[in-house]
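Throughout, a chain's letter reflects where its sequence line sits, starting with A, and its residues are numbered from 1.
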Protein chains: 2
Amino acid sequence: MVKNLLRGSFKLMKSMNRSLILNIIREKGPISRAEIAKLTKLTPPTVSSLVKELLQAEIVIERNLGESSGGRKPTLLTLNSKMFHVIGMDIGSQNIKTILTTITGSIIKHSIVPLPAESTRETLLSAIIQSVQSILDDTEIDEEKIVGIGVGMHGIVDANQGISVFAPNLHLHNIPIKEVLEEKFNMIVKVENDGRAMSLGELWFGNGAGIDSFVCINVGRGIGAGIIMNGKLYHGSHFISGEIGHMVIDIDGPKCTCGNYGCLQTFASGPAIVDRVKKEMRLGQSSLLSQLTEGNLDNVTGELIYKAALDGDSLCRTALQQAGRYMGVGLTNLIHTVNPRRIIIGGGVSNAGDLIMESITQTVKQRALTQPAKETEIILSKFGDDATAMGAVALILAELFTSRNTETASAL
Amino acid sequence: MVKNLLRGSFKLMKSMNRSLILNIIREKGPISRAEIAKLTKLTPPTVSSLVKELLQAEIVIERNLGESSGGRKPTLLTLNSKMFHVIGMDIGSQNIKTILTTITGSIIKHSIVPLPAESTRETLLSAIIQSVQSILDDTEIDEEKIVGIGVGMHGIVDANQGISVFAPNLHLHNIPIKEVLEEKFNMIVKVENDGRAMSLGELWFGNGAGIDSFVCINVGRGIGAGIIMNGKLYHGSHFISGEIGHMVIDIDGPKCTCGNYGCLQTFASGPAIVDRVKKEMRLGQSSLLSQLTEGNLDNVTGELIYKAALDGDSLCRTALQQAGRYMGVGLTNLIHTVNPRRIIIGGGVSNAGDLIMESITQTVKQRALTQPAKETEIILSKFGDDATAMGAVALILAELFTSRNTETASAL
DNA sequence: CTTAATTAAATTTAATTATAAACTATTTGG
DNA sequence: CCAAATAGTTTATAATTAAATTTAATTAAG
């Protein structure tokens with residue numbers, strides 16, 4: 001099998017053109033038929049007939065007439081955002097965040113359900129169902145108009161089967177999220193690793209729109225990356241692509257929870273920064289944190305460190321800078337491996353914004369091999385804390401708007 | 001632009017099916033029309049009519065009749081290997097290796113042209129032209145039947161423009177290889193980084209056939225990787241994807257030629273192993289090498305180290321094992337980032353075969369996060385020293401056999 | 001105002017290609 | 001020698017896109 005070659009057929013041809021038009025309307029709408037024809041290089045009749053079908057299916061609606069520059073006024077088309085809605089869910093280690101959005105990605109409802117300190121398979125699954133149910137109960141939108149539930153889950157996720165294979169922060173294995181949700185609610189369900197979901201979200205709505213190859217980094221308790229190549233989310237063979245938290249950057253470094261030594265995660269994750277600060281304080285380093293935490297080291301959190309750093313606390317500043325430097329080394333490794341056009345950083349640590357970013361970009365600029373590599377854009381996620389949930393929504397949109405080109409030849 | 005959506009058209013449909021058939025004949029041939037129809041799910045008439053065109057163009061020929069199991073004997077089709085030939089070239093640091101092959105990848109001619117110790121832009125370009133010319137002079141095959149020249153070049157290569165952007169081992173910049181070859185010889189010319197070319201070679205002819213996602217590692221003076229994802233070669237945004245020789249695995253490690261510290265290349269490349277052994281010997285370690293090199297440390301080479309190791313020399317054995325261990329760490333990082341299904345190792349160091357492979361696989365098994373990741377296949381290249389040249393041939397074949405699905409919509 | 005030019009959209013007609021069904025050709029096995 | 005099986009071709013059809021034409025609406029010039 002060389003290249004996944006597809007069989008050309010009328011069905012395929014039509015479905016390609018339909019999703020082409022649908023995506024143009026989604027991205028560039030309101031837009032006229034004539035403009036669609038120009039952009040897609042499809043002929044007017046082709047556009048007209050496919051649009052007619054989309055109108056009949058109520059996926060697209062005619063809005064109003066646009067401005068004319070001499071000639072008949074164009075009839076503008078948009079997606080029928082009242083017709084279809086999506087639920088996106090972000091399952092973290094402490095809570096489940098759920099959002100309800102229109103098909104264009106506008107958030108309509110928000111909900112957060114806390115997870116118990118010690119989750120079991122049962123409590124987790126019931127919390128997941130509860131999250132969806134509460135969103136459904138809390139809105140007038142007809143259940144039939146909600147087309148799917150996307151789930152972004154931390155840890156290792158089998159996206160084909162929709163199973164959370166291993167959730168390290170919850171100490172759980174093999175949770176069949178897709179199966180359970182599909183049975184309970186009659187909708188499309190897609191489950192994906194949080195970092196990968198996030199990257200799809202940035203591709204569809206965020207800072208990855210228009211970029212065909214970028215990487216999204218989710219820095220929180222762990223560090224995960226989602227890789228978009230040629231406009232497509234890449235999974236890897238066993239769903240562990242992007243596990244850069246366990247990229248070894250110091251072969252003789254400190255021991256990581258995974259058993260190896262010197263993983264990026266031991267230097268640049270949220271907990272790593274907190275630990276580092278605590279350690280320095282125990283060694284007698286003075287810091288504004290002493291006041292903020294009332295002398296109790298257990299109260300040190302990422303947020304407080306960021307706050308203290310902003311107030312000029314030098315211990316916290318250097319801790320963040322150090323983390324940024326290590327992150328910079330990790331990202332340089334990533335640039336030298338995957339060479340994305342852009343790197344988007346999201347998740348908890350991204351809240352520490354500029355302080356850490358400065359240090360990251362500087363390190364990359366210093367260490368990358370070539371000029372263009374040095375200039376790899378490194379920016380923050382557009383959605384902050386909602387990045388994974390938005391990504392979960394994008395999982396469903398990708399399913400809807402992408403012609404299922406999966407009719408591969410059986411044997412090649 | 002979300003996803004590179006294509007416009008469906010008759011041309012596209014036909015070209016998809018033509019390359020589908022062509023590829024099936026290439027891979028599974030000799031094969032009958034009926035069998036092609038079965039495998040591709042195309043209908044018999046579609047296959048017949050496309051095959052008729054291919055026969056007329058003399059790209060495919062009817063060979064002989066196959067065995068029947070009750071029914072009309074099938075007419076078997078194969079590629080017309082006498083009609084089309086390809087030149088593949090591997091530009092290394094010491095010499096240029098050139099091969100002439102049939103369209104099916106059988107090597108017909110071999111040539112090696114040494115490069116001067118100090119290459120200049122002019123000497124390199126004339127050596128390249130000379131290499132092609134000598135192959136052409138040395139064969140009866142009509143020049144018109146040679147469809148293209150593929151070039152695998154070490155260093156950073158702009159594959160779009162066909163320029164060697166930076167060749168570290170030759171200390172040269174911006175050599176317009178494609179332009180010069182196209183002007184001199186009237187053929188398709190494709191230039192690519194050696195590691196990436198190699199991976200395409202493995203995909204088309206070697207140990208990557210049938211694998212949709214794998215990584216090929218070229219270990220020599222440097223360490224480069226070619227990444228195949230979804231059956232496609234991935235370049236990265238600025239042609240430095242796969243530069244894993246400069247992946248930092250020991251942030252406080254020894255200085256690399258690139259200016260950073262602790263790059264994989266400083267531990268696991270050919271020169272790194274040689275240096276390590278020399279250093280140990282200078283420190284007074286005894287080794288079989290003392291005899292083999294007649295006491296002159298300058299004579300130590302990778303080949304001799306391997307030889308000594310095979311003879312049981314413990315210094316050399318540990319040096320190789322150590323290199324393998326570092327390589328294993330690098331590959332584990334790669335697995336946790338790209339998560340390929342298979343890793344194929346080629347280039348100079350691969351000659352040290354099992355001794356180093358053992359150590360690599362063991363390290364990966366020890367350090368990878370999940371069971372499937374631990375079991376990532378790590379094998380040697382099928383073509384040994386010819387791997388890059390074969391890859392260069394594949395560059396041309398990919399051009400020929402892949403329907404140019406590049407008619408993207410302009411604006412999306 | 002009127003008219004020509006311009007643009008948008010729809011319609012008609014033509015061309016392209018895959019597909020379905022029917023058919024011919026060949027071979028094997030009884 | 002005949003039935004069954006397999007290979008390949010022919011013919012007709014259907015599904016589309018492509019090209020050309022028509023209709024409609026609007027603007028701008030005179």
request  = Starting from C1' on C:dA15, measure out to CE on A:Met13 and report it in whole angstrom.
outcome  = 12 Å
ask   = Can you name the side-chain contact (heavy atoms from CB on, under 4.5 Å) partners of A:Leu54, sequence neighbours left out?
value = A:Arg18, A:Ile21, A:Leu22, A:Ile59, A:Val60
Grab the N/O contacts between the protein and nucleotides 10-14 of chain D below 3.5 Å, and write none if there aren't any.
none

Any N/O pairs under 3.5 Å between the protein and nucleotides 1-7 of chain D? List them or say none.
{"residue": "D:dT6", "atom": "O4'", "partner": "B:Gly70", "partner atom": "O", "Å": "3.0"}
{"residue": "D:dT6", "atom": "O2", "partner": "B:Arg72", "partner atom": "N", "Å": "2.8"}
{"residue": "D:dA7", "atom": "O4'", "partner": "B:Arg72", "partner atom": "O", "Å": "3.4"}
{"residue": "D:dA7", "atom": "N3", "partner": "B:Arg72", "partner atom": "NH1", "Å": "3.4"}

remark   = Taken to the nearest whole Å, CG/B:Leu65 to P/C:dA25 is 16 Å
key: Contacts of type side chain to side chain donor-acceptor pair (under 3.5 Å), residue B:Thr104, not counting sequence neighbours   = B:Thr102
ask   = Taking only residues two or more places apart in sequence or in another chain, which ones pass side chain to side chain donor-acceptor pair (under 3.5 Å) with A:Gln161?
value = none
ask   = Quick one: B:Leu50 CG to C:dT16 C1', roughly how many Å, whole number?
value = 12 Å
ask   = What integer distance in Å separates A:Ile21:CD1 from D:dT16:C1'?
value = 13 Å
request  = Using atom CG of A:Leu12 as one end and atom P of D:dT16 as the other, report the distance to the nearest whole Å.
outcome  = 11 Å
message = If the cut-off is 4.0 Å, is B:Asn17 near the phosphate of C:dA18, judged by side-chain N/O to OP1 or OP2?
response = yes
query = Nearest-Å distance, NZ (A:Lys11) to C1' (C:dA20)?
reply = 14 Å
query = Do any N or O atoms from the side chain of B:Thr101 and from the backbone of B:Ile107 form a donor-acceptor pair under 3.5 angstrom?
reply = no
ask   = Can you name the residues that form a salt bridge (Lys or Arg N to Asp or Glu O under 4.0 Å) with B:Glu179, not counting sequence neighbours?
value = none
ask   = Whole Å only: how far is the NZ atom of A:Lys14 from the P atom of D:dT17?
value = 7 Å
key: Inter-residue atom distance B:Ser19.OG - B:Leu400.CG, 0.5 Å rounding   = 11.5 Å
task = Determine which pairs satisfy side chain to side chain donor-acceptor pair (under 3.5 Å) with at least one residue from residues 45-61 of chain B, sequence neighbours left out, and list them in order.
result = B:Lys14-B:Glu53, B:Thr43-B:Thr46
note = Contacts of A:Glu62 and A:Gly8 projected onto DNA chain C by closest heavy atom; the upstream (5') one is A:Glu62
ask   = In whole Å, what is the span from the CE atom of A:Met16 to the P atom of D:dT17?
value = 11 Å
task = Not counting sequence neighbours, which residues clear side-chain contact (heavy atoms from CB on, under 4.5 Å) with A:Asn160? List them please.
result = A:Asp158, A:Phe239
inquiry  = List the residues meeting side-chain contact (heavy atoms from CB on, under 4.5 Å) with B:Val157, not counting sequence neighbours, and say none if there are none.
reply    = B:Met153, B:Val191, B:Asn193
